[in-house]
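Please read the structure below before turning to the comments.
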Protein chains: 2
Amino acid sequence: MPSPARVTDLRKSTHAIPDATVARLPIYHRVLTSLLESGVESVSSHELAEVCGVNSAKLRKDLSHLGSYGTRGVGYRVEYLLFQIAREIGYAQDWPVVIVGVGNLGNALAGYAGSADRGFRIVGLIDSDSDLVGQTIAGVEVRDLVELEAVIAEHSASIGVIATPASAAQAVCDRLVASGVTSILNFAPSVLTVPQGVDVRKVDLGTELQILAFHQQQRAEGLRTRKTSKRTSPSTALENIS
Amino acid sequence: MPSPARVTDLRKSTHAIPDATVARLPIYHRVLTSLLESGVESVSSHELAEVCGVNSAKLRKDLSHLGSYGTRGVGYRVEYLLFQIAREIGYAQDWPVVIVGVGNLGNALAGYAGSADRGFRIVGLIDSDSDLVGQTIAGVEVRDLVELEAVIAEHSASIGVIATPASAAQAVCDRLVASGVTSILNFAPSVLTVPQGVDVRKVDLGTELQILAFHQQQRAEGLRTRKTSKRTSPSTALENIS
DNA sequence: GAACGCTTGTGAACGATCGCACAAAGTCTG
DNA sequence: CAGACTTTGTGCGATCGTTCACAAGCGTTC
């Protein structure tokens, strides 16, 4: 899993929010936003946990890392909790993001992060394809790969997204890092090597599919051996899923 | 993280491969494939771990779950190990996959899983946009949303990908499940509710970016407090990254 | 204002994962 | 063939994450 673990020991001494919790905060944020828009003013941990698809104890422990923002016997004020989570994850900070590689994937990303005001602003779309350079996508003009460093410097971008073919990923990564980018989201199916202090998260579509396929295969095997050998209550084969 | 934990207790009794290991097997597989193509015949756990970006002990423990396929004092035969991993994760099984939602993201996915023979075959592209229906993408004709059930039945697809807007995700999910799909990869930013026995993995681009932004913010705060208060050796601020 | 019901916040048990360190088991050399 | 060297496979402790279960605290009711 792409978890860079601690980023600084310094942070641990002050905040110390577990990585697993950080990974869930955006979900809570989205669900709470939706609740707020629906006019809901207060939620219990059970209700919120239900909608977020997590255990209520886990939810409470997650929130407790931010502070005591709930009221015993009542629940959480939606608006207040939303504000606290937003503050914690740096929402509405308008992080400048540079996307390298404007294929289908880069396009999808540009549309996603560019449209909704999710706290990000696409300040650069970079591609090496001369047919793409000059086009405007999601309100941003695509610039040539040679301008990568200039674009980053111009907007002081510290977050970069790599949506190039795997063959170009490491080279692009190196240039991003050299230009001062310290957080990278990598969609290319390749392992990136970065110096200490740079945070890389990997999203690999192929890997995700293969993990699903693995489980699927396990299930099939389980059913087969179940059928030919043991023979227990047939309905229990798929029941212990948690 | 989207980990559905155990799928069946049955599997645990026979194989028992930890989820964390399963998530890394596709990476090993890809790297080994690349090594094989480069003509490398043998690797040590240290070399392979280096390229895969993991600890060598972790790599060895992962592989030991599959069996004892290495040779002490020598390392692993690339071709043999590759074969064993492929067998374990169901590579070259040609899993039929249905993709719902043919926007930029669905397009990217279709191209990705459709082109390279990664063990998957796109058997259905589904969208509700009448402008898209009838077009051919990655060699597959886009069909209307109403034909979803028919397409799944036709190819006995058990893996479905949701690349629709969040508003449509749950409805599509329900129809997939009702049609017999038991593994779902969800790209929509919404929490899906599924019955027991169905495996859902979530990939959320927004969440990934927000996790990066969080770390970025932590780093900034760390540096700031470091500057104004404590004042230790300035170069150590970003060093403990692991 | 006391008693009751509800929900948070958290200590503690549990479970999974990680990484070290080393014995076991192989190759290679002389 | 013995001894040196290399690398795997794994037992074990440390760490991280999850879940249970309950005391503490808040509102409400009588």
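In this text the structure is predicted, and so the values were computed from the model without any measurement. Chain A is the first sequence line, chain B the second, and so forth, proteins listed ahead of strands; every chain is numbered from 1.
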> With nearest nucleotides of DNA chain D determined for Val74(A) and Arg60(A) from heavy-atom distances, which residue corresponds to the more 5′ nucleotide?
Replying inline: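 So the residue in question is Arg60(A).
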
>> Let me spell it out: for each of Thr21(A) and Leu63(B), pick the nucleotide of DNA chain D with the closest heavy atom. Which residue's pick is nearer the 5' end?
In response: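 Per heavy-atom nearest nucleotide, the more 5' residue is Leu63(B).
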
> Do Arg72(B) and dT8(D) have a side chain to base donor-acceptor pair shorter than 3.5 Å?
Replying inline: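 Flag set: donor-acceptor pair detected.
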
> Got a donor-acceptor pair under 3.5 Å from the side chain of Lys61(A) to the base of dG9(C)?
Replying inline: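 Looking at the base of dG9(C), it does not pair with any donor or acceptor on the side chain of Lys61(A) (distance under 3.5 Å).
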
Please determine whether a side-chain nitrogen or oxygen atom of [X] lies at a distance below 4.0 Å from atom OP1 or OP2 of [N].
X	N	answer
Ser44(B)	dT7(D)	no
Arg77(A)	dT7(C)	no
Tyr76(B)	dG9(D)	yes
Asn55(A)	dC20(D)	yes
Ser45(A)	dT8(C)	yes

Would you mind reading off the distance between [X] atom [atom1] and [N] atom [atom2], rounded to a whole angstrom?
X	N	atom1	atom2	value
Lys58(A)	dA16(C)	NZ	P	13 Å
Tyr69(A)	dT10(C)	OH	P	12 Å
His46(A)	dG9(C)	NE2	P	12 Å
Leu66(A)	dG9(C)	CG	P	10 Å
Asp19(B)	dG17(D)	CG	P	16 Å

> Side chains of Ser190(B) and Gln170(B): do they bring a donor and an acceptor to under 3.5 Å?
Replying inline: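 No donor-acceptor contact under 3.5 Å links the two side chains.
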
>> Within the 3.5 Å criterion, strictly below it, is a donor on Arg77(A) or Ser42(A) matched to an acceptor on the partner's side chain?
In response: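 No - no donor-acceptor pair under 3.5 Å links their side chains.
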
> Glu47(A) or Asp62(B): which one's nearest nucleotide on DNA chain C is closer to the 5' end?
Replying inline: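 The residue whose closest nucleotide sits nearer the 5' end is Glu47(A).
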
> At under 4.0 Å between heavy atoms, what does Ala20(B) touch on the DNA or RNA strands: base, sugar-phosphate, or nothing?
Replying inline: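 Since only primed, P, OP1 and OP2 atoms lie under 4.0 Å of Ala20(B), the category is sugar-phosphate.
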
> What about Tyr69(A) and Tyr76(A), are their ring centers closer than 6.0 Å?
Replying inline: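 Not close enough - the centres of the two rings lie 6.0 Å or further apart.
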
> Which of these passes side chain to side chain contact (heavy atoms under 4.5 Å, CB included) with Phe187(B): Ile99(B), Asp204(B), Leu109(B)?
Replying inline: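 Of all the options given, the one that passes is Leu109(B).
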
> With Pro195(B), which residues qualify under side chain to side chain contact (heavy atoms under 4.5 Å, CB included), at least two apart?
Replying inline: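 By the side chain to side chain contact (heavy atoms under 4.5 Å, CB included) rule, Pro195(B) matches Val177(B), Val198(B).
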
